[in-house]
Visitor: 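Quick one: structure below, then a few questions.
In the text below, chain A, chain B and the rest are named by the order of the sequence lines, each starting its count at 1.
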Number of protein chains: 2
Amino acid sequence: MTMTACKNCPLRQKSMFTPFTQDELSFMQSFKTGELKVDPGTTILLEGSNSPQLYTVLSGMGTRYKTLENGRRQVINFLFPGDFVGLQAGIMGEMKHSVEASTPMTLCAFRRDDLWTLFRQHPARAYDLTWIAAVEEHFLGETIASLGQRDAIQRIAWALVRIHERLKAAGLQKANRVPLPFRQQDLADALGLSLVHTNKTLKTLRSKGLAQWSDGTLELRDIATLADLAMIDPERPQQRPLL
Amino acid sequence: MTMTACKNCPLRQKSMFTPFTQDELSFMQSFKTGELKVDPGTTILLEGSNSPQLYTVLSGMGTRYKTLENGRRQVINFLFPGDFVGLQAGIMGEMKHSVEASTPMTLCAFRRDDLWTLFRQHPARAYDLTWIAAVEEHFLGETIASLGQRDAIQRIAWALVRIHERLKAAGLQKANRVPLPFRQQDLADALGLSLVHTNKTLKTLRSKGLAQWSDGTLELRDIATLADLAMIDPERPQQRPLL
DNA sequence: CGCTTATTTGATAACGATCAACTAAAGTGG
DNA sequence: CCACTTTAGTTGATCGTTATCAAATAAGCG
């Protein structure tokens, strides 16, 4: 397999301050075990399973979710290009949630067993990984605050703004439009709202001229008002500090 | 300062599989910069600040929370002995939440700048840190599922069972009783419920003989029924897999 | 002994869930 | 090629869980 480290790999993105050494590059090549291409609807990782793989999303989008005993589904977050998947399983030994593709996806696969080698031999990459974990933890904390303290319209405004930011950062924005190939049910499950109420709330935002989401495309027409509605503190783009 | 690595430090707890080397022990000593003792009500870390410190909780309890612009407060989680605090600030450069002591607390303080040294010189400890971050991320995911998919009585049952488990693991259990020195308002803010409804729901659990929480002590009388009520999948104790 | 904080309880209101039905688009198979 | 099915989105009506308001009790505490 001829390859350089994946172009969209977060381990690469985060490395702008600490460039790869030749040794690291060759290690990355051995760390990567292959690319995975999946169709929409495919379950990439299954709750309770013991996956030997870690992944990086190279393209496509998906959902990370838990299923409760009563059948209800909670989408923990959406997966976008550049996201890292499976660190929990990689490090804890068992998946605590499932991952499903919403679009065709290509993923960069790593061997879990190589994680330890990474830590031993490439502390800068290990630090990158922990940085990623810390950033993710931060977003989960914000999600908790949304579910706990925001009402329906605030939650949806918050989600749309954050998703827009994320996709913009991933370079997928064109004139305030970003691709958002999920169903309303997915957003509802992410925000703890019913499908019906999610639909009606989206209609409200639409009729107010704030945001439009249809045919897999999200367009934010008034980000300032949306951010204000959602009580979002203007967040500087995440950027890793120099070591 | 004469010291060994703190007894309750998670970096020590998690190291049962990879014991400290003499070199590491001496590093831990230099890594630790001191102990912090604070009174109830003290804000240990403030949202938006740029703390140069990381902490480990040695004793006492506290809350980790965010405050929204409208003044509402979301408790992200409770802090118990053994918990690690400030990794986000340590690695991202800025606190995204506040930390406040609910009881007198003693904390073990580390210099943030030493984190990188830790990664470079002690990969096993760095791996421990990432393990901790992954476990925390898992719990946040479960919290999201609770806020999104469980109703009031399920949320409270879930929280009480999880808290009980956590305190038991910390060795604070005595005959199904654990210390829980928080206010009902804290639990309400953690679960996204109003104080009034939290109070009424606790009463329901009490009258059903399932759980009793008063005077800072939580007693679970019927854990099986509570876990069933909360739809908790029986979770094996978190234990780090061998490398 | 007033003052504050935490808990408790009842009454009322509202936000969002649930139920039901309909439209539109996209397969699918005979 | 057209019934038939399935999936996603939309809308209206009703119900219920939970928030909000109000007030009372009780426990520290200067």
Visitor: By nearest heavy atom, map B/Arg206 and A/Asp151 onto DNA chain C; which one lands nearer the 5' end?
Guide: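 Nearer the 5' end of the strand: B/Arg206.
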
Visitor: Indicate the atoms forming the closest heavy-atom contact of B/Ala157 with B/Leu205, along with that distance.
Guide: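 Of all heavy-atom pairs spanning B/Ala157 and B/Leu205, the closest is N-CD1, 4.4 Å.
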
Visitor: Would you say that more than 12 heavy atoms from the other residues, nucleotides or ligands in this model lie under 6.0 Å from the CG of A/Asn70, or not?
Guide: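 Yes, because the 6.0 Å sphere around CG of A/Asn70 holds more than 12 heavy atoms from other groups.
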
Visitor: It should be established whether A/Lys203 places a side-chain nitrogen or oxygen under 4.0 Å from OP1 or OP2 of nucleotide D/dT11.
Guide: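 Affirmative; the distance criterion is met.
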
Visitor: Are OP1 or OP2 of D/dG9 and a side-chain N or O of A/Gln185 less than 4.0 angstrom apart?
Guide: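 Looking at the OP1 and OP2 atoms of D/dG9, neither is under 4.0 Å from any side-chain N or O of A/Gln185.
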
Visitor: Between atom CD in A/Gln154 and atom P in C/dC15, what is the gap in whole Å?
Guide: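 Atom CD in A/Gln154 sits about 11 Å away from atom P in C/dC15.
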
Visitor: So does B/Arg155 get a side-chain nitrogen or oxygen closer than 4.0 Å to the phosphate oxygens (OP1/OP2) of D/dT17?
Guide: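 False: B/Arg155 side-chain N/O out of range (4.0 Å or more) of D/dT17 OP1/OP2.
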
Visitor: Could you give the CD1-to-P distance, from B/Ile156 to D/dT17, as a whole number of Å?
Guide: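 Checked: the CD1 to P distance equals 15 Å.
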
Visitor: Please identify which of these residues, B/Leu79, B/Leu172, B/Asp186, meets the side chain to side chain contact (heavy atoms under 4.5 Å, CB included) condition with B/Met61.
Guide: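 Single side chain to side chain contact (heavy atoms under 4.5 Å, CB included) partner of B/Met61 among B/Leu79, B/Leu172, B/Asp186: B/Leu172.
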
Visitor: Counting the benzene-type ring for Trp, do A/Phe78 and A/Phe182 have ring centres under 6.0 Å apart?
Guide: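 Ring-ring flag for A/Phe78/A/Phe182: true, centres closer than 6.0 Å.
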
Visitor: Describe the nucleic acid contact of B/Gly216 in one word from base, sugar-phosphate, nothing, applying a heavy-atom distance below 4.0 Å.
Guide: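 If one applies the 4.0 Å heavy-atom cut-off, B/Gly216 turns out to touch nothing in the nucleic acid.
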
Visitor: Is A/Asp83 salt-bridged to A/Arg166, going by a charged N under 4.0 Å from an acidic O?
Guide: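 Here A/Asp83 pairs with A/Arg166 in a salt bridge, since their nearest N and O are under 4.0 Å apart.
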
Visitor: Would you check if A/Arg72 and A/Thr67 make a side-chain contact, meaning some heavy-atom pair closer than 4.5 Å?
Guide: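 A/Arg72 vs A/Thr67: side chains apart.
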
Visitor: Calculate the interatomic distance between A/Arg183 atom CZ and D/dT6 atom C1'; express it in whole Å.
Guide: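 Spelled out: CZ on A/Arg183 to C1' on D/dT6 is 13 Å.
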
Visitor: Atom CG of A/Leu187 and atom P of C/dG16: how far apart are they, to the nearest Å?
Guide: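 A/Leu187 atom CG is separated from C/dG16 atom P by 14 Å.
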
Visitor: For a quick test of reading the model: is some side-chain N or O of B/Lys200 closer than 4.0 Å to OP1 or OP2 of C/dT8?
Guide: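 No, B/Lys200 has no side-chain N/O under 4.0 Å of OP1/OP2 on C/dT8.
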
Visitor: Does CZ belonging to B/Arg73 count more than 12 external heavy atoms closer than 6.0 Å?
Guide: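 Enclosed.
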
Visitor: Expressed in angstrom and rounded to an integer, what is the separation of B/Leu202 atom CG from C/dA6 atom P?
Guide: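 Rounded to whole Å, this separation is 16 Å.
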
Visitor: Taking any heavy-atom pair under 4.0 Å as a contact, classify A/Gly41: base, sugar-phosphate, or nothing.
Guide: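 It contacts nothing in the nucleic acid.
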
Visitor: Could you work out how much the helix from C/dC1-D/dG30 to C/dG30-D/dC1 bends, comparing the axis of its first five pairs with that of its last five, to 10°?
Guide: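 For the helix from C/dC1-D/dG30 to C/dG30-D/dC1, the axes at either end differ by 30°.
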
Visitor: Would you mind reading off the distance between B/Leu195 atom CG and D/dA22 atom C1', rounded to a whole angstrom?
Guide: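 The distance from CG of B/Leu195 to C1' of D/dA22 comes to 14 Å, rounded to the nearest Å.
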
Visitor: I want to check one thing: is the phosphate of D/dG9, taken as OP1 and OP2, less than 4.0 Å away from some side-chain N or O of A/Asn199?
Guide: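 For D/dG9, OP1/OP2 do not have a side-chain N/O of A/Asn199 under 4.0 Å.
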
Visitor: Kindly say if A/Arg72 contacts the phosphate of C/dT18, meaning a side-chain N or O under 4.0 Å from OP1 or OP2.
Guide: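 Yes.
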
Visitor: In whole Å, I'd like the distance from the NE2 atom of A/His197 to the P atom of D/dG16.
Guide: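 So the two atoms are 18 Å apart, to the nearest Å.
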
Visitor: Just the rounded figure in Å: distance from P of C/dG16 to CG of B/Leu193.
Guide: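 Whole-Å distance recorded here is 14 Å.
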
Visitor: When you get a sec, tell me which of D/dA19, D/dT11, C/dT8 is the closest nucleotide to the side chain of B/Gln184?
Guide: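 Ranking D/dA19, D/dT11, C/dT8 by closest atom to the B/Gln184 side chain puts C/dT8 first.
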
Visitor: For the side chain to side chain donor-acceptor pair (under 3.5 Å) test, which of A/His97, A/Glu100, A/Glu47 pairs with A/Tyr65?
Guide: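 When A/His97, A/Glu100, A/Glu47 are each tested with A/Tyr65, the side chain to side chain donor-acceptor pair (under 3.5 Å) holds only for A/Glu100.
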
